[in-house]
Amino acid sequence: MGRARHRASAAQLSDIVYQARLAAGLSQEQAAQAAEISTETYATIERGFTVSGEPANPTLRTLTNVLTALSVDVRFAEQSDEM
């Protein structure tokens, strides 16, 4: 995947995660706890990039935990990519 496409994917993911967290009425800390990850890792996913400016690149397990904790239907996330 090209660097620009990877950045776009990270931005789309961050928007989905951010909107889902707001809809759930959770803080970043609560969402991270529900996903069983650190608040720092959660914040990186929601920001869409690391502190050094690289696109967020969570493992599949971490991403699954986050989406499950926020009750995001993975099919919805896939459809957002097509829009």
Side-chain angles (χ1 to χ4, degrees):
M1 180 180 295
R3 190 173 194 96
R5 175 123 170 102
H6 191 90
R7 285 189 187 280
S9 296
Q12 289 171 326
L13 174 62
S14 72
D15 187 52
I16 289 168
V17 171
Y18 174 72
Q19 294 298 329
R21 179 177 65 79
L22 291 182
L26 300 174
S27 67
Q28 285 188 339
E29 293 81 10
Q30 291 168 322
Q33 185 177 19
E36 300 178 349
I37 60 175
S38 72
T39 302
E40 181 179 336
T41 297
Y42 180 86
T44 297
I45 294 168
E46 192 170 293
R47 254 191 333 266
F49 56 89
T50 64
V51 175
S52 65
E54 292 297 313
N57 191 18
T59 65
L60 181 57
R61 182 178 186 161
T62 297
L63 183 55
T64 299
N65 286 357
V66 168
L67 295 177
T68 299
L70 297 174
S71 300
V72 173
D73 185 342
V74 176
R75 290 172 294 177
F76 169 75
E78 290 172 357
Q79 290 172 356
S80 294
D81 189 39
E82 296 171 5
M83 294 180 181

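The structure places CD of Glu40 at 11.5 Å from CD of Gln28, a figure rounded to the nearest 0.5 Å. To the nearest 0.5 Å, atoms CG (Leu13) and CG (Asn57) are separated by 10.0 Å.
Ile45 is listed as a side-chain neighbour of Thr62, based on a closest heavy-atom distance under 4.5 Å. Arg21 has its side chain within reach of Tyr42: a pair of non-hydrogen atoms, C-beta onward, lies under 4.5 Å apart.
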Derivation of the side-chain hydrogen bond (donor to acceptor under 3.5 Å, both in side chains) call for Ser38 and Thr41:
CA-CA 5 Å; Ser38 72; Thr41 297; 2.9 Å; yes
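Of the possible polar contacts, none joining the Gln19 side chain to the Ile16 backbone as a donor-acceptor pair under 3.5 Å is found.
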Could you tabulate the donor-acceptor pairs under 3.5 Å formed by side-chain atoms of residues 63-70, not counting sequence neighbours?
unit_1: Thr64; atom_1: OG1; unit_2: Leu60; atom_2: O; d: 2.8
unit_1: Asn65; atom_1: ND2; unit_2: Ala35; atom_2: O; d: 3.4
unit_1: Thr68; atom_1: OG1; unit_2: Thr64; atom_2: O; d: 2.8

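Taking a 6.0 Å sphere around CD of Gln30, one finds it holds more than 12 heavy atoms contributed by other residues, nucleotides or ligands.
Listed by first then second residue, pairs satisfying salt bridge (charged side-chain N to carboxylate O under 4.0 Å, His left out) with a partner in residues 23-34 number zero, not counting sequence neighbours.
Hydrophobic clustering, with ILVMFWY side chains joined whenever heavy atoms are under 4.5 angstrom apart, groups Leu26 together with Val72.
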